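The block underneath contains the structure these notes are about, expressed in structure tokens.
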Amino acid sequence: MSPKHQGYLYVLITMCIWGGFTLLSRLNVKWHISAWDIAALRFTLAFCILMPILLYRKETAFLWKKEPIILAMIGGVAYCLSTYSAFTFAPAAHAAIFLNGCIPLCTALAAFILYQQPFDRHIWASLSIMMLALVLMGYLLSQQSQHPFGIGDGLFFLAAVWWGIFTILLKQSQLTAWQVMCSVAIWSALIYLPIYLLFLPKQQGHAQFEHLLIQTLFHGILVVIVATLTYAEAIRRLGAFKAGSLVTLAPFAAAILAVPLLNEPLSVAIVCGLVGMGVGALQPWRWLRHR
């Protein structure tokens, strides 16, 4: 396979995992698993798997550079806590719009602010469509409620900011996909777990064991290890904006599946937001022109 086709394959794998991430993260609320608990379980399992491998292979030198710590703080701890907390207040459809739909926007802005990378006409078109979709959705929601947006939406957007910065820093770093994945998992555990054990509330006793097991295996292995590897490889081959835009489409499908699976409502306003953000992220005019 050519590097480009490999990139699309890695994007497909990442999309499947991210779609499941949206549904299972929302299930945490129904299963009485708090954001603090799932983050701790996620980082603990990934640390227990990866740290012995690094020690056995004697490949721990890269961990002591500043880039791995920064990537872990932004793409690990900050992103996870913002996202898991947001799912406590907002449904899956809002995550698709304010988190995944805004990731391309935040990625482009982060590239411009951090490295002065200019916007091309395609990015300008995408950003314009996304902003119009958000304005239209906000207007429609305001007709239905005096409080169209809530704390969950703000947390989703904050998580999109963290992931956009993480994506650009990842693209500019000299770390391999394996090193990025190990850095995020190991340093997130070393930084977060002591704080969690000493200061943060714990609600694991209210959840069933099988629910904790499912969430731990999915988030600790598939999300932290597999999806981080595939996402990093996709960025290397396709670029930050294209890879980040394509993988955001999976949570849009998850938002549709959440209607029958989680009994979540899907209003006209949310549909407008999903369609607008999806078109802006996918940039279909580029595919049509290529054909």
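Quick caveat: nothing in here was measured; it's all calculated off a predicted structure.
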In short, Gly76 meets Ser188 closest at the heavy-atom pair CA-OG, 3.5 Å
Exercise: identify the closest heavy-atom pair between Gly75 and Phe166
CA-CD1, 3.5 Å
Do the side chains of Phe62 and Leu54 get nearer than 4.5 Å, heavy atoms only?
yes
Apply ring-ring contact (aromatic ring centres under 6.0 Å, His included) to the pair Trp18 and Phe21, showing each step before the final yes or no.
CA-CA 5 Å; Trp18 278 24; Phe21 173 84; 7.8 Å; no
Close side-chain approach of Leu193 and Phe47, heavy atoms under 4.5 Å:
no
Between Leu238 and Lys4, is any pair of side-chain heavy atoms under 4.5 Å apart?
yes
Side chains of Tyr10 and Arg236: donor-acceptor distance under 3.5 Å anywhere?
no
Non-hydrogen atoms of Trp178 and Leu50 that approach each other most closely
CH2-CD2, 4.1 Å
Under 3.5 Å, side chain of Trp187 to main-chain N/O of Leu63, donor-acceptor pair present?
yes
Heavy-atom check, side chain of Leu155 versus side chain of Thr88, under 4.5 Å:
no
Heavy atoms of Gly276 and Ala133 approach each other most closely as CA-CB, 3.5 Å
Residues His94 and Ala90: closest non-hydrogen pair is CB-CB, 4.0 Å
I want to check something: taking the side chain as every heavy atom from C-beta on, are Leu27 and Lys30 in contact at a cut-off of under 4.5 Å?
yes
Tell me whether the rings of Tyr84 and His219 are parallel (<30°), tilted (30 to 60°) or perpendicular (>60°).
perpendicular
Do the non-hydrogen side-chain atoms of Cys106 and Trp163 ever get within less than 4.5 Å of each other?
no
Check whether any side-chain heavy atom of Phe87 lies under 4.5 Å from a side-chain heavy atom of Asn28, and answer yes or no.
no
Does a sphere of radius 6.0 Å around CE in Met73 hold more than 12 heavy atoms from other residues, nucleotides or ligands, not counting ones at 6.0 Å or beyond?
no
Minimal heavy-atom distance between Ile17 and Leu222, with the atoms involved, is CD1-O, 3.6 Å
Do Tyr196 and Asp37 have side chains that approach each other closer than 4.5 Å (heavy atoms only, starting at C-beta)?
yes
